[in-house]
Every structure is written in C-alpha cells, then in structure tokens.
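Okay, so here's the structure we're looking at.
Nothing fancy with the numbering, it's 1 onward along the sequence. Since the structure is predicted, the reported quantities are computational estimates derived from the model, not experimental observations. In each ligand, atom 1 is the first atom listed, and ligand 1 is the first ligand listed.
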Amino acid sequence: MQNLKKARLVLEDGTIFEGTSFGYEKSVSGEVVFYTAMTGYPESLTDPSYKGQILVPTYPMIGNYGVPKDAYQEGLSQFFESDKIHCTALIISDYSSEYSHWNSQKSLGEWLKDQKVPGLFGIDTRALTKKLREHGAMLGKIVFAGQEIDFYDPNKENIVAQVSTPDIKEYGKGKYKVVLVDCGVKYNIIRCLLKRDITVKRVPWNYDFSQEDCDGIFLSNGPGDPAQCRETIENIRKVLDTDTPVMGICLGNQLMARAAGADTYKLKYGHRSHNQPVMQPGQSRCYITSQNHGFAIDDKTLPENWEPLFVNVNDGTNEGICHKYKPFFSAQFHPEASSGPVDTEYLFDLFVEKMKARHINK
Ligand SMILES: NC(=O)CC[C@H](N)C(=O)O
C-alpha cells in the first residue's frame with residue numbers, strides 16, 4: 001500500500017475530494033451515486049445497470065472479503081452478475097487490501113486494475129453522500145494529475161446498446177419458452193428463470209420479439225434513462241396488444257410503463273440499497289427489497305386499465321405496475337436480489353402461473 005497515487009473526485013458543483021488510488025489509474029467521468037447496502041460489491045460492480053456511474057458505497061470498509069473466482073456453469077458466471085465490471089469507478093472510505101472468504105481469489109484492488117476500472121479510498125463518503133442527498137444526483141470525475149477530462153452524463157445517450165448481448169443465446173431446456181429482452185440483464189434473473197422449468201432465449205435490446213412464438217416475454221434491468229430506449233418501447237407496445245404474459249424488472253418496469261403510455265422521471269438521488277420497504281396498495285404486508293434505480297414511473301400518468309402494483313414505503317414512489325386484466329406486470333425493485341433480500345422472488349412464480357394459465361386456455 002506504499003507509493004499509491006493520489007487523485008481527485010471533482011463534482012459538477014465544484015466540490016473536490018482528495019483520495020488515494022487503489023484501482024486502475026485513469027481519469028474517468030460519470031454520474032456519482034451512493035448505495036447503502038453493507039455487502040455485495042462483486043454483484044454491484046458487475047450489474048450492467050451501473051454502467052456510466054461512479055459508485056459510492058456508504059458502508060465504511062470495503063474489500064475485506066475479496067473477489068470470488070470466475071467460475072462458469074451452463075454459460076453463466078456463477079458468482080457475478082455479468083462478465084465484467086460495468087460501473088465507471090468505485091469511491092470508498094476505507095479499503096481493506098487484506099481479504100478472507102472461502103470463495104475469494106483476489107483483492108478488490110487487483111480486480112479493479114485487471115478490469116481497468118479506477119477506485120479511490122480515503123474519501124469522506126459520509127460527507128459526499130450528504131451532499132448528493134441535499135443537492136440531488138450529480139456528475140463527477142476522477143482526475144489524475146496531468147489527465148484533465150470533461151464531465152460525462154450517461155443519461156444523455158442510449159447506453160443500453162452498450163451492455164446488451166450482441167447475439168441471441170439460449171439457456172436451459174424447460175417447458176416454458178421465455179424471450180428475455182437483454183437491456184443489461186443481471187445473471188440472477190436468468191438463474192431465477194432457469195430454476196422454474198423455463199427455456200430462456202436471450203435477445204438483444206432492439207430485437208423485434210413481437211412475432212415470436214413463445215410463452216412469455218421478460219424485460220430486464222438496465223442502465224440509463226428509460227426514455228432513451230425507444231426501439232424496445234416500440235416492440236413492447238406491439239406485445240401489449242396480445243395476451244402473451246410479460247414481466248419486467250427495474251428498467252423493464254419503466255419500459256413497460258412507457259410502452260403503456262405512462263411517463264417516467266428522474267428521482268432526486270435514487271434508491272440503491274438492500275432495505276427498501278415496499279407494499280402492495282390495499283394490503284398490510286411489507287416486503288424488504290434490493291434496489292438500484294435513479295428513475296421512477298409517474299403513476300399519476302398510468303393509462304386506463306393499468307394500476308400500481310407496489311409502492312415504496314419510505315417516499316411513496318411507485319415500485320411496480322400491472323395491467324388490470326391482462327398478464328402484464330413489473331417491479332421497480334429486484335426480486336432476483338443478488339445481492340440483497342429474497343422476499344419477492346415469488347414474483348417469478350407468478351410469471352410462471354400466468355404462462356401456465358395461458359397454456360390451459362389456449
Ligand atoms: N437497475 C435498473 O434496471 C435501473 C433502471 C434505470 N437505469 C434507473 O436508473 O432507474
């Protein structure tokens with residue numbers, strides 16, 4: 001840990017934090033977002049939804065359980081949520097270069113360097129988080145001496161195209177055939193589908209799935225502003241005229257809403273944690289959910305025949321929608337967790353039930 005380089009985190013309002021580099025030494029820029037989960041950095045860093053973002057875990061010590069081995073099973077990484085790190089950089093308070101875990105293979109710093117992703121420690125992440133909460137989401141850049149760069153806003157372009165699969169892939173040999181629209185899918189969504197007698201056909205974000213012979217359509221999570229993902233929205237719109245079951249998660253939820261005719265908007269600083277409480281309107285049970293989103297559905301704009309499925313108990317924002325009588329539903333949170341609580345994994349069972357019901361009625 002000697003001779004480590006210093007670098008600055010510069011926010012768009014001019015605030016500067018000085019830190020020490022423990023990852024790749026390169027100036028980068030993106031949207032600075034904080035998350036309050038205490039564990040799960042291997043999953044979060046490989047979650048494609050974080051593309052274009054500089055991640056700030058508020059938990060003070062990061063790295064102490066290292067990074068898992070890169071093992072594959074049936075074409076899927078077993079311990080990561082995709083094949084590489086997607087976030088732009090990692091900002092932490094205290095870095096533990098020593099690590100211990102039954103499955104760890106390397107340190108967090110080594111992993112960041114291998115994947116050419118910058119990381120800074122020694123930043124007052126509490127002060128930084130307070131600033132983001134008060135001001136709202138901000139762009140930021142990590143600047144190494146002599147490498148000045150401009151601010152970059154990932155929400156101004158369609159970054160889904162950069163993380164989606166370039167070609168079609170099939171997984172499993174289950175009874176139900178599901179077309180998974182990959183807008184930046186987390187592998188645990190595929191694992192959760194495969195556990196339920198499903199064959200998964202993973203297709204690119206702009207694939208026209210509207211004529212597909214299948215039992216269900218799944219809309220994945222993904223990065224950036226949902227309004228940028230126009231081609232997927234157009235394809236979903238065509239499917240909403242049919243009776244094919246459709247389930248969406250996070251970005252998939254927002255795209256479903258936009259296809260139905262509702263609006264989405266940017267939250268002040270987003271929800272990124274493992275302990276977000278949600279409830280179903282009219283029911284008394286509360287679910288604790290894993291979340292990672294900066295945009296939300298404006299449920300006042302939901303068209304006729306659509307209704308809120310879940311509401312966030314902390315701030316009252318929408319956490320999911322469903323059609324009143326067709327088999328379309330989606331969640332803003334992550335029922336597949338990884339990492340985080342699994343209270344809502346039953347939503348995948350609900351999707352299977354809707355496919356089963358359609359089979360019987362055919
Ligand atoms: N995890 C996701 O799918 C995130 C969706 C979207 N990019 C948002 O930030 O709201």
Under 4.0 Å from ligand 1, counting heavy atoms only: the protein residues, by chain and number:
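Only S49, N221, G222, P223, G224, C250, L251, Q254, N292, H293, G294, F295, H334 have heavy atoms that fall under 4.0 Å of ligand 1, ordered by chain and number.
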Hydrophobic cluster membership, with links at side-chain heavy-atom distances under 4.5 Å among I/L/V/M/F/W/Y: are Y50 and V67 in one?
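Shared cluster, yes.
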In terms of hydrophobic clustering (I, L, V, M, F, W, Y; side-chain heavy atoms under 4.5 Å; direct or indirect links), are I142 and L128 co-clustered?
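Per the 4.5 Å side-chain linkage, I142 and L128 are co-clustered.
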Flag yes if more than 12 heavy atoms outside K156 fall under 6.0 Å of its NZ atom; otherwise flag no.
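Open.
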For the residue pair Y41 and Y65, is the inter-centroid distance of their aromatic rings smaller than 6.0 Å?
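For Y41 and Y65, the ring centres are under 6.0 Å apart.
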Give every donor-acceptor pair under 3.5 Å between a side-chain atom in residues 243-253 and any protein atom, sequence neighbours left out.
from: T244; atom 1: OG1; to: T242; atom 2: OG1; distance (Å): 3.3
from: N253; atom 1: OD1; to: S330; atom 2: OG; distance (Å): 2.7
from: N253; atom 1: ND2; to: Q332; atom 2: OE1; distance (Å): 2.9

Basic-acidic side-chain contact under 4.0 Å: K131, D13:
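Yes, this pair counts.
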